[in-house]
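Please read these numbers as outputs of a predicted model, since none were measured by experiment. What's counted below: heavy atoms across the whole structure, side chains too, no hydrogens, waters or symmetry copies. As the structure lists them, so they are numbered: ligands from 1, and atoms in each ligand from 1.
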Amino acid sequence: MAKTFIITGANGNLGVAAVKAFLDKGYGVVAVCSSVSRLEFAVSNPMFEWKAVDLSDEKATRNFVHELVSRKKIDGALLLAGGFVMGSLDETDQLTLKKMFALNFETAFHLSRALFPRLIKNGYGRIILVGARPGMAGEQGKHTVAYALSKSLLFKYAELLNQQAGKANVVASVFAPGIIDTPANRQSMPDADFDDWVKADDIAALMEMVCSAKGNALREPVFKVYHKS
Ligand SMILES: NC(=O)c1ccc[n+]([C@@H]2O[C@H](COP(=O)([O-])OP(=O)(O)OC[C@H]3O[C@@H](n4cnc5c(N)ncnc54)[C@H](OP(=O)(O)O)[C@@H]3O)[C@@H](O)[C@H]2O)c1
């Protein structure tokens with residue numbers, strides 16, 4: 001039977017690539033996004049459904065997950081929702097920190113916390129978290145302090161999920177992309193060599209590998225997907 005994955009941030013740069021990669025390989029996809037403006041290729045596919053959910057709202061996220069798992073077997077989630085803000089320590093106040101925490105950590109935490117017990121019960125699950133290079137390497141984060149801190153929590157969270165899963169075949173992975181080749185990044189860094197940047201399609205293909213039988217032996221994986229950047 002085809003596996004089905006929730007993909008959050010599905011109408012974003014990485015999300016569109018992930019939806020395409022998973023549908024192309026025959027998986028079911030439940031997309032979480034506020035619009036499907038970039039997912040026209042998916043909407044008539046019977047393996048695709050989508051729902052708008054504010055993932056910073058814990059109760060709404062839990063209700064979404066519970067309703068979904070009551071009618072469909074879910075094999076895991078790609079938690080791609082997130083966002084970025086520049087800012088040195090001087091420029092990082094409490095509000096900025098809270099916004100980044102909500103966007104990058106809570107969105108992933110709320111959904112995975114609701115889904116995790118069901119994956120354990122099913123005896124299979126893959127949870128993919130998206131960190132970022134500044135969330136791993138201090139020198140990379142000094143101009144993006146709130147972003148780096150919020151992303152850094154995802155690495156620790158994956159460790160805790162994996163500890164909790166024990167020998168159950170439920171694995172949390174973290175992808176730490178370098179700069180992704182997106183229209184927004186091209187616009188904000190027009191003089192950069194875009195060939196150095198990692199492509200969303202390449203990250204999506206690796207995520208699919210993790211969720212496929214080829215990824216069965218992986219445990220506690222952290223993927224540095226930097227390409228040449
Ligand atoms: N772009 C990069 O260079 C880069 C580098 C390293 C890591 N990353 C990480 O990779 C992930 C994907 O990046 P991207 O470039 O594809 O980002 P993106 O195009 O901005 O997409 C992120 C998506 O997150 C969703 N989102 C934000 N807040 C939400 C909320 N409260 N509830 C539900 N959805 C919410 C938005 O969906 P809706 O608009 O539909 O609500 C948005 O489409 C992010 O976690 C990002 O931090 C990106």
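For atom 20 (O) of ligand 1, the nearest non-hydrogen atom of the protein is Gly82 O, 4.3 Å. Distance from atom 26 (N) of ligand 1 to its nearest protein heavy atom, with residue and atom name: Ala81 CB, 3.8 Å. Protein heavy atom nearest atom 32 (N) of ligand 1, with residue, atom name and distance: Leu55 N, 3.0 Å. Nearest protein heavy-atom contact of atom 44 (C) of ligand 1 is Leu80 O, 3.2 Å. Nearest protein heavy-atom neighbour of atom 46 (C) of ligand 1: Lys151 NZ, 3.8 Å. Of all protein heavy atoms, the one lying nearest to atom 10 (O) of ligand 1 is Val130 CG1, 3.3 Å. Looking from atom 4 (C) of ligand 1 to the surrounding protein, the closest heavy atom is Ile180 CD1, 3.5 Å. In this structure, the protein non-hydrogen atom closest to atom 27 (C) of ligand 1 is Leu103 CD1, 3.4 Å.
A salt bridge links Asp75 with Lys73: the closest approach of a Lys/Arg side-chain nitrogen to an acidic carboxylate oxygen falls below 4.0 angstrom.
The two residues Pro134 and Ala148 make their nearest non-hydrogen contact at O-CB, 3.4 Å. Here the shortest heavy-atom pairing between Ile203 and Pro177 reads CD1-CB, 4.0 Å. Across Thr8 and Ala81, no two heavy atoms sit closer than the pair OG1-N, 3.0 Å.
With no hydrogens or angles considered, no side-chain donor-acceptor pair links Ser70 and Glu67 at under 3.5 Å.
Within a 4.0 Å radius of atom 36 (C) of ligand 1, the protein contributes no non-hydrogen atoms. Distances from atom 42 (C) of ligand 1 to the protein include no heavy-atom value under 4.0 Å.
Screening Ile7, Leu39, Val36 against Val16 for a side-chain contact (heavy atoms from CB on, under 4.5 Å) leaves a single residue, Leu39.
When the options Thr107, Leu111, Val53 are ranked by their closest heavy atom to atom 33 (C) of ligand 1, first place goes to Val53.
Annotation for His143: atom NE2 does not count as buried by contact number, only 12 or fewer foreign heavy atoms lying within 6.0 Å. Residue Arg113 places its CZ atom among 12 or fewer non-hydrogen atoms of other residues, nucleotides or ligands, all under 6.0 Å distant. Residue-environment remark: CD (Gln94) stays at or below the threshold of 12 foreign heavy atoms within 6.0 Å. Heavy-atom contacts from other residues, nucleotides or ligands closer than 6.0 Å to CD of Gln164 number 12 or fewer. For Lys199, the NZ atom is densely surrounded, since the number of other residues' heavy atoms within 6.0 Å is greater than 12.
A heavy-atom distance below 4.5 Å is found between the side chains of Asn11 and Ser37.
Ligand 1 is approached by Tyr147 to a heavy-atom distance shorter than 4.0 Å. Under the 4.0 angstrom criterion for non-hydrogen atoms, Gly178 is in contact with ligand 1. Contact annotation: Gly131 has at least one heavy atom less than 4.0 Å from an atom of ligand 1. Residue contact check for ligand 1: Asp54 places a non-hydrogen atom closer than 4.0 Å to it.
Contacts between Asn185 and ligand 1 below 4.0 angstrom, taking non-hydrogen atoms only, involve the side chain exclusively. Contacts of Arg133 with ligand 1, taken as heavy-atom pairs under 4.0 Å, are absent altogether. By the criterion of a heavy-atom distance under 4.0 Å, both the backbone and the side chain of Asn13 are placed next to ligand 1.
When each atom of ligand 1 is checked for a heavy atom of Gly83 under 4.0 Å away, the hits are 47 (O). Per-residue contacts place Leu14 under 4.0 angstrom from the following atoms of ligand 1 (heavy atoms of the residue considered): 12 (C), 16 (O). Near Gly12, with a cut-off below 4.0 Å to any heavy atom, the atoms of ligand 1 are 16 (O), 19 (O), 21 (O), 43 (O). Here is the list of ligand 1 atoms found below 4.0 Å of a heavy atom in Cys33: 40 (O).
The aromatic rings of Tyr157 and Phe105 stand perpendicular to each other, their planes meeting at an angle above 60°, with 30° marking the opposite boundary.
Inclusion of Ser34 in the set of residues having an N or O under 3.5 Å from an N or O of ligand 1 is warranted.
By the 6.0 Å and 45° rule, Arg126 does not stack over the aromatic ring of Phe5.
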